[in-house]
Number of protein chains: 2
Amino acid sequence: MERLETINFYLLDKAIRTYRVYSQKKLRENGFKITVDQWLVIKVLMENPGISQLSLAEKAFKDNASITRIIELLVKSKYLDRKVNPKDRRTSILKVTPDGEEIINKVQGLVLQNRKVAQTGITIEELENLNITLKKIIKNCQP
Amino acid sequence: MERLETINFYLLDKAIRTYRVYSQKKLRENGFKITVDQWLVIKVLMENPGISQLSLAEKAFKDNASITRIIELLVKSKYLDRKVNPKDRRTSILKVTPDGEEIINKVQGLVLQNRKVAQTGITIEELENLNITLKKIIKNCQP
DNA sequence: ATTATTTTATTGATATGTCAATTTTTGATT
DNA sequence: AATCAAAAATTGACATATCAATAAAATAAT
């Protein structure tokens, strides 16, 4: 077989998974009870207050069904608060709780550092090219 | 927040997920009852007969526990056959069944075409650079 | 040979991804 | 207003990812 190492898509898969495991491990090691995905969802919510779950899903690059479940867990962890939106009873109003804000703030530095470590030895230009290529792949595979 | 679009790791995540969904959809549309991951595991097994599950996991960029479960499903689907290895009773001897070989052969063209579609408009040089960058990320995040 | 260590694989628990079907509510059509 | 279609979210079913704990067998150390 073509060596897997040479096939872009396996490397892509491996890269994101390696980074994910690394980040999650750092979070755990530092005693933070939150997953990378949960962090992302709160972050998006903080920057887009009042957003619907559909937009939240889109902005966080997540599936709809996943967002529903991630939010469930976040509410259970007391990082989010939800109540029915009286103006559109199909949706909920999601709010980041003080606990939620606190953990995001505490985690922020670690997140930046994880990214930095992961990007060691990679130039700005290289990162830009990476983004360009990734965007092409995304476009090619979308309906 | 830094716009997510500009953050490499979300694009990375999104790219591999978009490609995965695309590939899986094509498999489904063509009536193949197999997942991308299952395909990969069989493929690796065909090219490395007699391999242990640990090496299989490594070569397929999969987690150990995941391999156990993927193999379970493949045996259930009659694409793999397993029996205890008498020389080392901790391990099993895994064999691709005729059904397994058949589906791999039938799927091969589609897989190549999926990759081709996903790489449309991306130069060889770009792909090479992508690989180089991804390998750096992997190295940076490994222990 | 017995014990201790290591290796290989499995399993349980939890989180996420994906699709399809469904529910609830809203908005549009007639 | 009654009906119909669209939108938002949930749920069920299944596959995979991850970690931790465990089981079983092989190998090393004494």
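Naming: A, B, ... by sequence-line order, numbering from 1 per chain.
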**Q.** Check: A:R20 side chain, C:dG17 base, donor-acceptor under 3.5 Å
**A.** no
Q: Send over the distance from A:E72 CD to D:dT10 P, rounded to a whole Å.
A: 8 Å
Q) Counting any heavy atom closer than 4.0 Å, what does B:D37 reach on the DNA or RNA strands: base, sugar-phosphate only, or nothing? A) sugar-phosphate
Q. Is B:Q142 atom CD crowded by more than 12 heavy atoms from other residues, nucleotides or ligands, each under 6.0 Å away?
A. yes
**Q.** Earlier contact from the 5' end, DNA chain D, for B:V36 and B:N85
**A.** B:V36
Q) Do the side chain of B:T18 and the main chain of B:K14 share a donor and acceptor less than 3.5 angstrom apart? A) yes
Q) If you look at every heavy atom in B:R20 and B:D37, which pair is closest and at what distance? A) NH1-OD2, 2.8 Å
Q) Taking for each residue the nucleotide of DNA chain C with the nearest heavy atom, is it B:S92 or A:A65 whose nucleotide lies nearer the 5' end? A) B:S92
Q: Give a yes or no on whether a donor-acceptor pair under 3.5 Å exists between the nucleobase atoms of C:dT7, that is its base, and the side chain of B:R90.
A: yes
Q: Using atom CG of A:L54 as one end and atom C1' of C:dT26 as the other, report the distance to the nearest whole Å.
A: 14 Å
**Q.** Integer-rounded Å distance: C:dT16 P and A:I71 CD1
**A.** 11 Å
Q | C:dT10 OP1/OP2 closer than 4.0 Å to side-chain N/O of B:R82 | A | yes
Q) What is the distance from CG of A:L94 to P of D:dA8, rounded to the nearest Å? A) 14 Å
Q.
For a quick check of understanding: with a heavy-atom distance under 4.0 Å over all strands, which category does B:S66 fall into, base, sugar-phosphate or nothing?
A. base
Q) B:Y22 OH to C:dC19 C1': how many Å, rounded? A) 18 Å
Q. Counting any heavy atom closer than 4.0 Å, what does A:Q38 reach on the DNA or RNA strands: base, sugar-phosphate only, or nothing?
A. sugar-phosphate
Q) Could you state the CG-P distance from B:D63 to D:dT18, rounded to the nearest angstrom? A) 6 Å
(Q) Please determine whether a side-chain nitrogen of the Lys or Arg among B:R69 and B:E72 lies less than 4.0 Å from a carboxylate oxygen of the Asp or Glu. (A) no
Q. Would you say A:R17 reaches C:dT16's phosphate, i.e. side-chain N/O to OP1/OP2 under 4.0 Å?
A. no
(Q) Which nucleotide wins on minimum distance to the side chain of B:Q53, given the candidates C:dT25, C:dT10, C:dT11? (A) C:dT10
Q. Separation of B:N64 atom CG from D:dT18 atom C1', in whole Å?
A. 11 Å
(Q) Both A:T91 and A:D13 contact DNA chain D. Taking the nearest nucleotide for each, which residue is further toward the 5' end? (A) A:T91
Q) Are any of B:K62's side-chain N or O atoms less than 4.0 Å away from OP1 or OP2 of D:dT16? A) no
Q: Indicate yes or no for a side-chain donor-acceptor contact from B:Q24 to the backbone of B:I34 under 3.5 Å, with no hydrogens or angles considered.
A: yes
Q. Nearest to the side chain of B:I70, which nucleotide is it out of D:dA17, D:dA15, D:dA26?
A. D:dA17
(Q) Taking any heavy-atom pair under 4.0 Å as a contact, classify A:T35: base, sugar-phosphate, or nothing. (A) sugar-phosphate
Q. Contact class for B:I67 (heavy atom, under 4.0 Å): base, sugar-phosphate, or nothing?
A. nothing
Q.
Quick check on C:dG17: is either OP1 or OP2 less than 4.0 Å from any side-chain nitrogen or oxygen of B:Q24?
A. no
Q) Is any NZ, NE, NH1 or NH2 atom of the basic residue among B:K59 and B:E47 found under 4.0 Å from an Asp or Glu carboxylate oxygen of the other? A) no
Q) Under 4.0 Å between a side-chain N or O of A:T68 and OP1 or OP2 of D:dT10? A) yes
(Q) Under 3.5 Å, is there any donor-acceptor pair linking the side chain of B:R69 to the base of D:dT18? (A) yes
Q | Rounded interatomic separation in angstrom, taking NZ from B:K76 and C1' from D:dA15 | A | 11 Å
